[in-house]
Structure formats: C-alpha cells, structure tokens
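Single-structure report; data block below.
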Amino acid sequence: MSTEETAPYGTGPTAAPTGPAPVKRVRTHHLREMKARGEKFTMLTAYEQYAAQTFDEAGIDVLLVGDSASNNVYGNETSLPVTVDELIPLVRAVTRSARRALVVADLPFGSYQASPEQAYLTAVRFMKEANAHAVKLEGGLAMVPQVRKMTEGGIPVMAHIGFTPQSEHNLGGYRVQGRGDAAARVIEEAQALEAAGAFAVVMEMVPGEVAGEVTKSVGIPTIGIGAGVDCDGQVLVWQDAFGLRTGRMAKFVKQYADLHGVLRRAAEDYAADVKAGTFPGPEHTF
Ligand SMILES: Nc1nc(=O)c2c([nH]1)NC[C@@H]1CN(c3ccc(C(=O)N[C@@H](CCC(=O)O)C(=O)O)cc3)CN21
Ligand SMILES: CC(C)C(=O)C(=O)O
Ligand SMILES: [Mg+2]
C-alpha cells in the first residue's frame with residue numbers, strides 16, 4: 001500500500017480521459033480542493049474486503065466503515081449496540097483492501113460522548129489498531145471540544161449533523177432535522193465544527209435548501225445523505241444502494257442494483273444442482 005505524496009487531482013502520468021482521478025491516495029485536502037473547484041466527490045460505506053476493493057476500483061473517494069455495521073453486519077435493529085471492539089477488525093479489513101480511497105472509521109455510540117479525552121483515546125485505537133485515516137463522530141455544538149481535542153492530537157475528524165442515528169431515541173425516530181426555525185442551528189453547528197477543526201461534515205436528512213445554505217457557509221466539504229444535490233459529496237449505505245438489504249427504504253435511497261435477487265437466485269441454483277446431483281460435475285472432480 002502506497003503512502004507516497006500525490007499529484008493533484010486531474011494531473012499526473014496516469015491521467016486518463018475517463019475513470020477515477022489519478023490520485024495515489026485520497027487525502028482530506030483533496031476533498032477540500034474538490035469543493036473549491038465545484039467538483040463532487042463520493043463516499044460509500046464498506047465493512048469488508050470485497051466491497052472495499054470493488055468500490056476503491058470504481059473510484060469511490062471515501063470509504064466509511066460506518067457504525068451502521070451494527071445493522072448491516074451484526075444484525076442489530078439500530079446502530080446503538082455496536083462496540084469499538086466489533087468495529088476495529090472491520091476497519092482493519094477495509095484499510096488493508098483500499099489502495100486509493102480515504103478510509104474513515106465511525107466512532108460508535110458511547111465511545112466518545114463522555115469527554116474529549118474519551119474521544120481522543122477511542123480515535124487513537126482506530127488509528128493505531130486499524131490504520132484508519134480519519135474518524136467520524138455524530139453531534140453538533142456539544143461535540144466541539146471532542147473535535148478540537150482530536151484534531152489537535154493529529155487525527156482528522158469528519159462531523160455528522162442533522163439526523164444522527166445514535167440519538168434516534170432522543171430525536172424521536174428517523175425524522176428530517178433543520179426544518180423552519182431549526183435551519184439556523186444546523187448552519188451554526190457546521191460553522192462551529194469547522195472552527196474546531198473538522199475536515200468535512202455529513203448532513204443527514206436535512207432539507208435540500210438548508211443543506212445548500214450550509215454548504216455555501218463553510219469552507220469544509222459537506223457530504224449529504226438525504227440532504228439534496230447541493231452538498232459537495234454524497235454518501236449512501238451500500239447494502240441499501242445496491243439492493244442487498246430488502247424492505248422499506250428511506251426516501252433518500254436510490255437503488256442501483258438488486259444484489260439480494262442475484263444472490264438469492266445463485267443460492268437457489270446451487271441448491272437445485274446439489275439436490276439433482278448435477279453439481280459437482282466431472283470437471284469439478286479430481
Ligand atoms: N441499512 C440501513 N439503512 C437504513 O437507512 C436504515 C436501517 N438500515 N435500519 C433502520 C433505519 C430506519 N430508517 C428510516 C426509517 C424511517 C424513515 C422515514 O420515515 N423517512 C420519511 C421522512 C420523515 C420526515 O419527514 O421527517 C420519508 O419520507 O422517507 C427514514 C429512514 C432507515 N434505516
Ligand atoms: C450513512 C453514514 C453517514 C453513517 O454514519 C453510517 O453508515 O454509519
Ligand atoms: Mg454512522
């Protein structure tokens with residue numbers, strides 16, 4: 001895995017007319033530069049080797065090992081139960097597998113809210129034990145001391161405001177945040193997090209117009225999930241976007257594939273072959 005310094009986006013010997021920008025490793029400054037140029041960037045979740053490799057090959061700029069692994073890997077109903085010890089091996093798998101993408105580790109519920117010191121020590125575990133390139137936490141003004149402590153300690157921090165799933169029970173369920181009078185608060189939070197040193201901010205389920213205002217009022221890139229087209233980047237949970245998860249999807253999900261259908265048919269075909277005695281064939285036999 002290369003840690004060399006890179007040419008800026010869009011230049012360099014490997015520049016090609018199509019495909020991902022020829023940067024060796026996406027770094028936080030590249031995202032800021034893309035915002036300044038008005039160039040959109042992409043983030044997807046990833047929790048293991050093959051998704052990470054595939055999305056990295058596809059030129060996805062940022063891979064987030066989300067605490068949504070709680071739902072999408074560990075089978076929990078919410079993101080709340082997942083632990084640092086459960087997430088670290090997943091982050092390690094993704095950092096081993098991604099050659100180009102910036103890998104961000106999501107700090108799970110309860111691992112950073114208590115104090116800046118707790119946040120710093122948790123983030124250090126992700127950086128040392130899993131080679132994360134950055135960490136992400138949820139929250140607005142209350143998390144400013146945490147963001148400052150971590151960035152001063154050398155750890156790039158991505159913030160996350162609007163709907164914050166770890167506070168689902170406080171927010172009264174999956175609801176749009178920042179409507180009406182609450183819009184000013186979202187802008188204030190984004191500005192405070194930028195001042196504290198955050199390198200980017202995720203906005204989840206915020207009205208498109210408000211997210212556009214926030215994007216214009218900060219220098220750091222904004223990343224939307226249910227926050228409209230005016231954010232600097234977009235993020236989706238891959239099992240939602242590519243149809244591995246079934247059932248009711250949030251309004252902000254666009255489904256690009258039906259992986260559940262593909263996988264289910266493959267498993268049914270395999271089972272049918274075994275039961276019929278048509279697998280293994282002579283070509284699979286020594
Ligand atoms: N992998 C994964 N992705 C998810 O998005 C997800 C999970 N797991 N697990 C459960 C929760 C529940 N989710 C929800 C639940 C309800 C709305 C919802 O009611 N959305 C309304 C907007 C509500 C409002 O206007 O305030 C909508 O119109 O979509 C959205 C997401 C998304 N969730
Ligand atoms: C969807 C994103 C922003 C997230 O926090 C997660 O997947 O955990
Ligand atoms: Mg998360």
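Reckoned from all heavy atoms, side chains included, excluding hydrogens, waters and symmetry mates. Ligands are counted one by one from 1 in listed order, and the atoms in each one are counted from 1 as well.
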What protein heavy atom sits nearest [atom], and how far away is it?
atom	answer
atom 32 (C) of ligand 1	Tyr174 CE2, 3.5 Å
atom 22 (C) of ligand 1	Met205 CE, 3.9 Å
atom 3 (N) of ligand 1	Asp240 OD2, 2.7 Å
atom 19 (O) of ligand 1	Arg248 NH2, 3.4 Å
atom 1 (N) of ligand 1	Asn72 OD1, 2.8 Å
atom 5 (O) of ligand 2	Lys136 NZ, 2.9 Å

Inset, instruction - Give a yes/no on ligand 1: does Gln177 have at least one heavy atom closer than 4.0 angstrom to it? - result: no
Select one of side chain, backbone, both or neither to describe which atoms of [X] lie under 4.0 Å from any atom of ligand 1, heavy atoms only.
X	value
Glu204	neither
Met249	neither
Asn71	side chain

Inset, instruction - Take Asp258 and Arg264 through the salt bridge (Lys or Arg N to Asp or Glu O under 4.0 Å) test and state the conclusion after the steps. - result: CA-CA 10 Å; Asp258 174 25; Arg264 178 165 172 164; over 6 Å; no
Legend entry - Pair Phe252 and Phe163, ring centroids less than 6.0 Å apart: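 Centroid separation for Phe252 and Phe163: 6.0 Å or greater.
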Inset, instruction - Say whether Ser68 and Tyr47, considering side chains only, have a donor N or O and an acceptor N or O under 3.5 Å apart. - result: yes
Taking 4.0 angstrom as the limit and counting only heavy atoms of [X], give me the atoms of ligand 2 inside it, by number and element.
X	result
Gly66	6 (C), 7 (O), 8 (O)
Ser68	6 (C), 7 (O), 8 (O)
Ile225	1 (C)
His160	3 (C), 5 (O)

Answer yes or no: is there a donor N or O on one side and an acceptor on the other, between the side chain of [X] and the main chain of [Y], under 3.5 Å?
X	Y	answer
Thr28	Phe199	no
Arg92	Glu129	yes
Asn71	Glu77	yes
Tyr120	Gly153	yes
Glu204	Gly226	no

Inset, instruction - Name whichever N, O or S atom of Asp106 ends up nearest to the Mg ion (ligand 3). - result: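 Closest N, O or S atom of Asp106 to the Mg ion (ligand 3): OD2.
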Legend entry - contact_flag Met43 ligand 2 heavy-atom lt 4.0 Å: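 It does not; every heavy atom stays at 4.0 Å or beyond.
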Legend entry - Lys40 with Asp230: basic N within carboxylate O range, under 4.0 Å: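 Not counted as a salt bridge, because no side-chain N and carboxylate O are separated by less than 4.0 Å.
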Legend entry - Check ion pair Lys216-Glu213 (N to O, under 4.0 angstrom):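 Between Glu213 and Lys216 there is a salt bridge, with a charged N closer than 4.0 Å to a carboxylate O.
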Indicate yes or no: does an N/O atom of [X] lie under 3.5 Å from an N/O atom of ligand 2?
X	result
Tyr47	no
Thr45	no
Asp106	yes

Inset, instruction - For Ala250, take its heavy atoms, then give the atoms of ligand 1 lying under 4.0 Å from any of them. - result: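 Every atom of ligand 1 under 4.0 Å from some heavy atom of Ala250: 30 (C), 31 (C).
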Inset, instruction - Just jot down the ligand 1 atoms closer than 4.0 angstrom to any heavy atom of Arg175, in number order. - result: 26 (O)
Taking heavy atoms and a distance under 4.0 Å, where does [X] meet ligand 2: side chain, backbone, both or neither?
X	result
Leu64	side chain
Asp67	both
Glu204	neither
Ile223	neither

Inset, instruction - Using side-chain contact (heavy atoms from CB on, under 4.5 Å) as the criterion, list what pairs up with Asn131, not counting sequence neighbours. - result: Thr95
Legend entry - Metal site the Mg ion (ligand 3): N/O/S of Asp67 inside 2.8 Å: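 Yes - counting backbone and side chain alike, Asp67 has an N, O or S atom under 2.8 Å.
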Legend entry - Result of checking Gln118, Gln166, Glu138 against Gln113 for side-chain hydrogen bond (donor to acceptor under 3.5 Å, both in side chains): Gln166
Inset, instruction - On the 0 to 90° scale, with breaks at 30° and 60°, tag the His284-Phe279 ring pair as parallel, tilted or perpendicular. - result: tilted
Inset, instruction - Answer with yes or no whether the hydrophobic clustering places Val124 together with Leu107; edges join I, L, V, M, F, W, Y residues whose side-chain heavy atoms lie under 4.5 Å apart. - result: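 Yes, Val124 connects to Leu107 through the hydrophobic network.
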Legend entry - Hydrophobic cluster identity match, Leu121 and Val135, side-chain contacts under 4.5 Å: no
Regarding ligand 1, does [X] bring an N or O atom to under 3.5 Å of one of the ligand's N or O atoms?
X	result
Arg245	yes
Val176	yes
Lys251	yes

Inset, instruction - Could you give me the CA-CA distance, side-chain angles and deciding distance for Arg100 and Asp56, then say whether salt bridge (Lys or Arg N to Asp or Glu O under 4.0 Å) is met? - result: CA-CA 6 Å; Arg100 174 184 174 276; Asp56 191 65; 5.7 Å; no
Legend entry - Close side-chain approach of Val62 to Phe55, heavy-atom, < 4.5 Å: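 Of all side-chain heavy-atom pairs linking Phe55 with Val62, none is under 4.5 Å.
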